[in-house]
Amino acid sequence: MTAWLAEQMAAHGGVGILAMVLLPALEAALPVIGALLPGQTAVVLGGMLAWQGHVTVEAALLTALVGAVLGNLAGYAVGRRWKSRVLAPLQARAGRHRYTERALGLIERRGAGAVFVGRFTAVLRTLVPTLCGATRMPLRRYLLWSVVSSTVWAPAFVLIGYVIGPAGPG
């Protein structure tokens, strides 16, 4: 699947770049999609394609950053709008209720750290934006830490792709 994604990104130019934006955005906005198709895969592929000359490094960096921030904002909005619907499945079983309450309490107390660390952790990257919205973390604070963490995350994963570019598809 990775090879196919890289081929599509290279072959379709602007549409391929759009995919680099949408995959990280969908990952954070819709946790189910994020679990099936991680956005960081697209970002690493973007770095590989930059090494191969299909896209510029600047384009890969910018699209990864924009996708990460947009996805975080969409996930935040989902949590804020549909708090009860988002939390209900997590609290369905009695044992989970305690853990869900602890997770929400942690986000309320240390939200900035959760946003930053969550950007670099696969499971948390899909859940933290929604939980931050559900706990009503102030949007300005959330957006600040989302941009800060994405500004570190995007170049790191584009660089990983760029370094392994010679071994990549294409």
Side-chain angles (χ1 to χ4, degrees), residues 1-80 107 110-134 137-170:
M1 179 156 171
T2 304
W4 176 84
L5 187 59
E7 289 172 13
Q8 297 306 309
M9 292 166 91
H12 291 77
V15 174
I17 295 294
L18 182 60
M20 287 174 51
V21 172
L22 291 179
L23 287 176
L26 286 174
E27 175 187 40
L30 303 169
V32 173
I33 292 175
L36 298 175
L37 188 61
Q40 75 187 33
T41 301
V43 174
V44 170
L45 286 173
M48 294 169 81
L49 293 174
W51 183 87
Q52 295 170 357
H54 296 292
V55 297
T56 65
V57 174
E58 294 83 6
L61 284 170
L62 183 62
T63 55
L65 178 62
V66 168
V69 172
L70 288 178
N72 279 353
L73 283 175
Y76 178 90
V78 165
R80 191 159 177 108
I107 286 176
R110 302 190 188 266
V115 173
F116 192 86
V117 171
R119 170 55 43 197
F120 291 90
T121 310
V123 174
L124 295 179
R125 187 172 41 253
T126 62
L127 294 176
V128 166
T130 305
L131 292 177
C132 286
M137 179 183 208
L139 180 59
R140 282 186 177 191
R141 183 173 179 218
Y142 177 76
L143 185 58
L144 170 71
W145 285 102
S146 175
V147 170
V148 168
S149 63
S150 297
T151 302
V152 176
W153 177 82
F157 281 90
V158 168
L159 180 62
I160 289 169
Y162 194 84
V163 169
I164 65 172

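Note that the structure is predicted; figures quoted are calculated from it, not measured. Position 1 is the first residue of the sequence; numbering continues from there. All values below come from the heavy atoms of this structure, side chains included, with hydrogens, waters and symmetry mates left out.
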Exercise for the section: Check each of Leu139, Ile107, Asn72 against Cys132 using the side-chain contact (heavy atoms from CB on, under 4.5 Å) test, and report the only one that passes. Expected result: Ile107

Handout entry: Sub-4.5 Å side-chain heavy-atom contact between Val115 and Met137
Key = yes

Practice task
Answer whether the closest heavy-atom distance between the side chains of Tyr76 and Leu143 falls below 4.5 Å.
Solution key: no

Handout entry: Shortest non-hydrogen contact between Ala68 and Trp153, atoms and distance
Key = CB-CZ3, 3.8 Å

Practice task
Answer yes or no: are there more than 12 heavy-atom neighbours, outside Arg110 itself, under 6.0 Å from its atom CZ?
Solution key: no

Exercise for the section: Return yes if some donor-acceptor pair links the side-chain N/O of Arg125 with the main-chain N/O of Arg119 below 3.5 Å, else return no. Expected result: yes

Practice task
Search all heavy atoms of Ala154 against all heavy atoms of Leu65 and return the closest pair with its distance.
Solution key: CB-N, 3.7 Å

Fill in the blank from the handout: By side-chain contact (heavy atoms from CB on, under 4.5 Å), Val148 pairs with (sequence neighbours left out) Phe116, Leu144, Trp145

Fill in the blank from the handout: Rounded to the nearest 0.5 angstrom, the OG1-CG distance for Thr121 and Leu127 is 11.0 Å

Exercise for the section: For Ser146 and Tyr142, indicate whether the former's side chain and the latter's backbone hold a donor-acceptor pair under 3.5 Å. Expected result: no

Fill in the blank from the handout: Contacts of Leu159 meeting side-chain contact (heavy atoms from CB on, under 4.5 Å) (sequence neighbours excluded), chain-then-number -> Val163

Fill in the blank from the handout: Smallest heavy-atom separation, Thr63 atom then Ala59 atom, equals OG1-O, 2.8 Å

